[in-house]
Amino acid sequence: MLAGSGTTDGFADITNLSAALNDTAEIALIALPMTLLVVAGQVDLSVASMLGLSSALAGALWDAGWAFEMIVPLCLVVGVLGGLLNGWLVTRVGLPALAVTIGTLTLYRGLASVVLGNKAVSDFPEAYAQWASYTEPVPGTFIPYPIAVFIVLAALAAVVLHCTAAGRALFAIGAQEDAARFAGIRVRRIKLVLFAVTGFMASFAGIVYTLRYGSARADNGLGLELVVIASVLLGGIDFNGGKGTLGGAVAGVLLIGVLNNLLTLNDISSEIQVIVTGVLLVASVLTPRVIALVTERRDRRAAAT
Amino acid sequence: MSDTLEKPPQQPSGAAPDGRPEPRRSARSLTDMVFRIRELSIGGALVLLILGTYLANPGFLDDQGVQDLLLNSAILVLLATGQSVVVLTRNIDLSVGSVVGLTAFACGSFVSGTQHSALTVVLLGTGLGVLCGLLSGLLVSFGKVPALVVTLGMLYVIQGVDHVWAHGRQINAANVPDGVLELGSGSILGIPYLPLISAVVLAATAYYLRAYRSGRELYAIGSSPEAARLAGIPIRRRVLAAYAFSGAVAGFAGALWLARFGTVVADAANGWELTVVSAVVVGGIAITGGVGTVWGAALGALLLTTIGSALVVLKVNPFWEQAITGALLLAAISTDRVVRSRTTEALRKRSRN
């Protein structure tokens, strides 16, 4: 980030900063529950589809003349229901989360196109669109409202993960599920709640997305699930579960956001941005491995002499 | 407690009455068979689906319909075969879709306007695929990095490289040599080449996994990496080989993609990685490794393609298509899971008395 402000004109500009932050809003919001899920050794690939479903639903209802104040809670309820379905299939039927959420990824995206077809609904009320845009930040700061919501929720999630018994339970489940069960942790209940929270956040992100781009479409956020997972993994969360910090995940999200913004400001095409994201992802997991290997070898050599 | 897995009737030294073990053994072998042949349920679902669609619209199974079905599923079956081998070792390869896109485009720009033969194109595609597979495989097996992370990273890198290279251009069928296009559209005895090729690759892979020691070792690695390590199985080499194979198949599929469609854009096969993984999972290969056959994966791929075609033939509103596919996918994996846990339970009960 420092390198960015030194080398690129306009990066440190307040407006650009809030735009860059706001561009990561949906990824950041979904990354929070995703971090908790991955720490518990689970994953949810259906988040981007839920985002699309929530967006499509909002569009269809708005088209049908509903009040926006009614649409939002309904979308959030649908998100929770979707999350509960994921959680139910994982905890009651006993299927692996990856398999379940690949199925619901297809299902929810399909429902989105059932609800809205290939229409686009765009005439949302001005007041709400402004709420989600970076041009009208929280008074007195440069922080757009969606990011302000994210900051509050991130603080909450950090406290839950690192300072409460429930948070420690997540690490325990991720590290050794059977041991966690024998230790009296209600593994199923916790997982179910986690998936429900993830569904809720994904549908909330869907509303933010819809307002930010001023357009409700069934294919909104297509493929976003892999970006969210990439940024969580980039933040050092171990995909095998049991390890990681919420701060790391937030840093991962910011890194991808800042990087994309820098590359855009330097007129580097979005294709290169995709490559950079991929390389970073591999490098971020490979570097600690290489460092460990090198130090191990050096220690062994030191011990031999 | 520890004797539950052994055969209890053998322990009372031959004094057991002759009549008792007989029916029990046949009952056991029946459940055994259902338990072992997991492809049975998915094959049954496929037959039901085809039959139902045929009854509703006989046009579904005319010559053209069958040929379309075979052609549409050929590439997915091929990719599912490669993916199965990787998933069996408790890994995953999310980069296959992007490899198909890259090789299809690479092969396309290589042959554009020339008269190269189909064989050259296939070799080029396969070679390129092997390189991509080896890169992922090296990172997974020697870098000991989680497969999901590596192949997700590779997905982005390959996709990006492909887009930069293609830069909005596209390969047109008019520039692709006839020999290559013939591979995609020609047929022997009315059966198109593509499904024949997929069937050969599938059968060879199935035979290898079943009959060769190194093939069995892939299962061992998937079911318990620690035990496989203690048994002296060269895990790294085997996992690397699995990725190289998956890459080779994906590259091959890319060449066939060019042959089939002729017109190729940079993001051909974009997003296919999850379809391929779905096919494998529906086909009964455990995502946690060690269980399943490539036949099942191929059936899964066939089922997914047939669902798509059936919905078109039945004139279902196209907006519903994806939702129905998703619901059926969930139903398939849930049913499989429930049936299997019931069978396991039944087997356990029997061995207890």
Side-chain angles (χ1 to χ4, degrees), chain A residues 43 45-46 49 53 85 89 92-118 218 222-223 225-227 229-230 233-234 238-240 269-286 288-290 292-293, chain B residues 92 94-95 98 135-136 139 142-167 266 270-271 273-275 277-278 280-282 286-288 304 317-334 336-338 341:
Chain A
V43 72
L45 289 180
S46 71
S49 297
L53 176 57
L85 176 63
L89 287 167
R92 293 292 151 177
V93 185
L95 293 164
L98 199 70
V100 165
T101 56
I102 284 178
T104 51
L105 173 147
T106 318
L107 177 66
Y108 299 158
R109 184 65 74 186
L111 288 178
S113 70
V114 168
V115 167
L116 197 59
N118 49 11
L222 198 65
E225 65 277 344
L226 295 184
V227 183
I229 291 174
L233 296 176
L234 202 58
D238 188 343
F239 192 73
N240 295 325
S269 65
S270 61
E271 289 101 44
I272 304 275
Q273 293 179 20
V274 174
I275 301 184
V276 171
T277 310
V279 170
L280 254 182
L281 187 58
V282 175
S284 69
V285 279
L286 201 58
R289 265 304 297 172
V290 171
L293 266 180
Chain B
I92 196 168
L94 286 182
S95 68
S98 60
L135 193 52
S136 301
L139 288 167
F142 288 88
K144 284 197 184 151
V145 185
L148 197 94
V149 187
V150 168
T151 55
L152 189 55
M154 284 296 289
L155 167 72
Y156 287 133
V157 173
I158 296 174
Q159 209 175 56
V161 167
D162 195 19
H163 275 100
V164 169
W165 185 25
H167 215 80
N270 220 353
E273 52 279 340
L274 291 183
T275 314
V277 175
S278 320
V280 168
V281 169
V282 168
I287 203 89
T288 45
L304 287 188
N317 182 341
F319 294 129
W320 277 94
E321 193 182 314
Q322 210 180 4
I324 295 178
T325 310
L328 288 179
L329 216 155
L330 287 174
I333 53 177
S334 307
D336 183 55
R337 165 77 197 178
V338 170
S341 60

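Residue numbering restarts at 1 for every chain, and letters A, B, ... go by the order of the sequence lines.
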B/Leu274 versus chain A, heavy atoms under 4.5 Å apart: side chain, backbone, both or neither?
both
Select one option (side chain, backbone, both, neither) describing which atoms of B/Ile158 are under 4.5 Å from chain A's heavy atoms.
neither
Please flag which part of A/Leu234 lies under 4.5 Å from any non-hydrogen atom of chain B: side chain, backbone, both or neither.
neither
With B/Gln322, which residues qualify under side chain to side chain donor-acceptor pair (under 3.5 Å), at least two apart?
none
Does B/Tyr156 reach the side chain of A/Val227, with side-chain heavy atoms less than 4.5 Å apart?
yes
Given a strict heavy-atom distance threshold of 4.5 Å, which part of A/Leu111 is in contact with chain B: side chain, backbone, both, or neither?
both
Proximity breakdown for A/Leu89 and chain B, heavy-atom pairs closer than 4.5 Å:
side chain
Go through the atoms of B/Leu148 and report whether side chain, backbone, both or neither lie under 4.5 Å from a heavy atom of chain A.
side chain
Is the closest side-chain heavy-atom distance between B/Val277 and B/Leu94 below 4.5 Å?
yes
Measure distances from B/Val150 to the heavy atoms of chain A and classify the residue's part below 4.5 Å as side chain, backbone, both or neither.
backbone
Heavy-atom proximity to chain A below 4.5 Å, by part of B/Ile324:
neither
When A/Gly117, A/Ala112, A/Pro96 are compared by non-hydrogen pairs under 4.5 Å with chain B, the top option:
A/Gly117
Applying a strict 4.5 Å limit to non-hydrogen atoms, the region of A/Leu105 in contact with chain B is side chain
